[in-house]
Amino acid sequence: MQALSEQEINRRENLKKLTELGIDAYPSDTFEVNATAEEIKSNFKAGDNTYQEVSLAGRMMSQRIMGKASFAELMDSTGRIQFYINRDEICPGEDKTMYNDVFKKLLDLGDFIGIKGFAFYTQTGELTIHVKEFKLLSKALRPLPVVKIDDEGKVHDAFTDPETRYRMRYVDLVVNPEVREVFRQRTKMYNSIREYLNVRGYLEVETPILQPLYGGAAARPFKTHHNTLDMTLYMRIANELYLKRLIVGGYDGVYEFSKDFRNEGMSRFHNPEFTQIELYVAYKDYEWMMNLVEEMVEKVAIDLHGTTEVKVGENTINFKRPWKRYTMFEAILAFTQIDISEMDEDSLRATAKSLKVHVDGTMGKAKLIDEIFGEHVEPKLIQPTFITDYPVEMSPLAKKHKSKPGMVERFEAICNAKEICNSFSELNDPIDQRERFESQLELGKRGDEEAMVLDEDFLRALEYGMPPTAGLGIGMDRLAMIMTNQNSIQDVLFFPQMKKENPS
RNA sequence: GAUUCCGUAGCUCAGCUGGUAGAGCAUUACACUUUUAAUGUAGGGGUCCUGGGUUCGAGCCCCAGCGGGAUCACCA
């Protein structure tokens, strides 16, 4: 253990002195709370008879001691409120210990206390709790960063170091209320989606995270081992194949908020564990699903912001239906003025080169189209936009297009230049599915580490028959970044993955 | 993985051309019964990320490592 800092030593000494005074710094009894800072602030008016016997609990975040009276701030989960303490009211008798020693010296910033008293306005007009008694609820042995806000609302000495904020999120949450709000919004987003789907009768389910075969996406997995069964297990990269098994089993609609794991690079858009929601609905197709996505995401925006407009960085994104729809070819035509819909592989490669897109010899038709799109279209799609009809080679689990050869019935929604969802009419032809898996195996043999593996049990399930089904995956972290205007995935994950901390 | 910037007190940050460590807040002591970035006075607090090197002398220059951010590449 590292040597204690001066302030940590002081706090430990204060703890000892409190114990000597017979004060338990970590009492076990409940402290009854009957009001919150926010509630009092929004409801109390001077002269009211309300809030005259309040009881609040939280951390003491600042102290302004003026001799025999003091002002301090209490922060509970709803916000901060000032309180006032007067020596002779706290200590009516001869013994002034509770004020002179306990309040003024032995309490430290960050300690949890409970206060009882009444609400009033000070001479300067600040809503304040006049404290009649207080109680230490839990002592903080480490000092918090001190962030101050002046009367113009300017923040001084903000706690901003990203490394410390992510490693010690608990501290970040204590001192940065806007961070607490981001995660409230994230939960609200989940609730909004859950509500939308539950109302429609879809069943929220749980499927295995530890899987004997990883499937449903193209990615490298985390590998682990079960001792008793002596078998290799993988952390799921997607839950698609399990949810489809449930559709085979007879449910009309199933969804799961799925923590998925991919053993790949990290960036401000990528964390090794991340969350997708996947939804599968029987007897529907991708056109139907497009309407659902529009409606559901529009609802999320309204539930979070009261409007369909959301500010993200420099942009204002409007989720109001209907969203723009392009086929892949139309989108490329619109942004490059080149019609590639009739091109063979050679002219595609030439076109890609002329557009300064990176090409190499291993790229097939599908990959070339994808590169052109990624380079020249995606970065320009700020407002929510559907891109439909992808080449079959890139979508081994999607159904072939009903009228366009070589294409599958698939769409992605792009927003703020990033994919936020991926969806298709699910492939339910077991023979076609086997062939697609087999061509994936070929890719794997040629060294593609992300190629899908063949899942015999999934094929067996399809052979029992899966109804026509529309499937959807939404990257919840990406959506949260947009909905809460955060620049990095680390800012919408409580505990983003970090390297090992320095031992010093 | 590549490039680039960064790492100094509990927090936020200065630190010049290499000359022996600074500020504000926090902390300690005293004063102060309606303050609010409270105030006044006086003090204490440092493995300058780690390890090497150059130098009479390194927070600063060089090399290596660790950690973080940004950008790029693969991917959601």
Side-chain angles (χ1 to χ4, degrees), chain A residues 2-11 13-14 61-73 80-90 99 104-105 108-110 120-128 130 140-168 171 175 217-220 237-238 258 260-278 358 374 412 418-422 448-450 473-479 481 487-490 496 498-504:
Chain A
Q2 184 141 28
L4 295 178
S5 72
E6 181 195 24
Q7 297 194 49
E8 288 173 295
I9 292 166
N10 287 338
R11 284 166 185 252
E13 274 171 9
N14 289 347
M61 296 302 281
S62 70
Q63 243 186 338
R64 291 182 284 277
I65 295 168
M66 289 165 303
K68 299 177 186 64
S70 298
F71 289 90
E73 266 183 308
R80 293 184 181 216
I81 192 163
Q82 177 169 265
F83 62 94
Y84 171 79
I85 282 197
N86 179 311
R87 185 193 69 182
D88 295 329
E89 289 181 86
I90 292 295
Y99 182 78
K104 278 168 69 175
K105 296 188 176 170
D108 292 297
L109 299 188
F120 76 110
Y121 282 96
T122 62
Q123 288 172 2
T124 53
E126 171 106 9
L127 175 58
T128 301
H130 190 124
L141 293 181
R142 289 173 183 258
L144 291 164
V146 181
V147 181
K148 296 208 169 191
I149 301 170
D150 65 23
D151 39 2
E152 285 157 20
K154 249 177 78 182
V155 178
H156 297 260
D157 302 332
F159 177 61
T160 52
D161 177 56
E163 180 171 3
T164 330
R165 286 185 49 228
Y166 299 148
R167 287 196 195 280
M168 298 198 279
V171 174
V175 302
R220 280 145 69 196
I237 58 173
S258 170
D260 294 338
F261 306 84
R262 298 188 184 175
N263 207 340
E264 293 172 341
M266 290 166 62
S267 77
R268 73 187 181 92
F269 293 104
H270 300 89
N271 194 67
E273 61 180 279
F274 66 104
T275 306
Q276 293 191 90
I277 180 172
E278 291 197 30
H358 168 78
E412 292 189 356
K418 278 278 165 191
E419 175 196 333
I420 57 168
C421 84
N422 184 15
D448 184 347
E449 288 184 85
E450 292 175 351
I474 299 180
M476 294 298 287
D477 311 289
R478 299 264 176 96
L479 189 61
M481 285 169 66
N487 210 25
S488 166
I489 196 168
Q490 297 175 108
M498 302 288 275
K499 281 198 192 175
K500 217 167 24 175
E501 206 172 339
N502 269 335
S504 71

Which residues share a side-chain contact (heavy atoms from CB on, under 4.5 Å) with A:Q63, sequence neighbours left out: A:M60, A:I65, A:A72, A:F103, A:L109
B:C6 versus B:U17 - spacing of their P atoms, nearest Å: 15 Å
Under the ring-ring contact (aromatic ring centres under 6.0 Å, His included) test, residues paired with A:Y84 that sit two or more places apart: A:F71, A:H130
Euclidean distance for P, B:U55 against B:A9 (whole angstrom): 30 Å
A:L144 side chain reached by A:M61 side chain, heavy atoms, under 4.5 Å: yes
Any donor-acceptor N/O pair under 3.5 Å between B:U34 base and A:E126 side chain: no
N/O (side chain, A:R268) to phosphate O (OP1/OP2, B:U71) under 4.0 Å: yes
Partner nucleotide of B:U3 by Watson-Crick or wobble geometry (both distances under 3.5 Å): B:A70
Lys/Arg N to Asp/Glu carboxylate O, A:R80 vs A:E73, below 4.0 Å: yes
Out of B:C11, B:G67, B:U35, whichever nucleotide has its closest atom nearest the side chain of A:R64: B:U35
A:K154: partners by side-chain contact (heavy atoms from CB on, under 4.5 Å), with sequence neighbours left out: A:D150, A:H156
Over-ring placement of A:K418 relative to A:F269, 6.0 Å and 45° cut-offs: yes
Watson-Crick or G-U wobble partner of B:G18, both distances under 3.5 Å: none
Protein proximity profile, nucleotides 24-33 of chain B - base contact B, sugar-phosphate-only contact S, no contact -, cut-off 4.0 Å on heavy atoms: BSBSS-S-BB
Between B:G65 and B:G10 - C1' atom distance, rounded Å: 27 Å
P-based separation of B:C66 from B:U27 [nearest Å]: 38 Å
Protein-nucleotide distance (A:F159, atom CZ; B:C13, atom P), rounded to Å: 11 Å
Dump the pairs, protein N or O against N or O of nucleotides 2-6 of chain B, anything under 3.5 Å, distances to one decimal.
none

Opposite nucleotide pairing with B:A37, Watson-Crick or G-U, both atom distances under 3.5 Å: none
Paired nucleotide for B:A64 [Watson-Crick or G-U wobble; both distances under 3.5 Å]: B:U50
Whole-Å distance separating the CZ atom of A:R167 from the P atom of B:C66: 14 Å
Same-atom distance (C1') from B:U54 to B:A64, integer angstrom: 15 Å
Under 3.5 Å on both distances, the Watson-Crick or G-U partner of B:C32: none
B:C60 versus B:C49 - spacing of their C1' atoms, nearest Å: 15 Å
B:G59: pairing nucleotide in any strand, Watson-Crick or G-U under 3.5 angstrom: none
B:U3 to B:G53 separation - P atoms, rounded to the nearest Å: 26 Å
Interatomic distance where CG belongs to A:N263 and P belongs to B:C74 [whole Å]: 18 Å
Gap in Å between the two C1' atoms, one belonging to B:A26 and one to B:G69, rounded: 26 Å
Under the salt bridge (Lys or Arg N to Asp or Glu O under 4.0 Å) test, residues paired with A:D108 that sit two or more places apart: A:K139
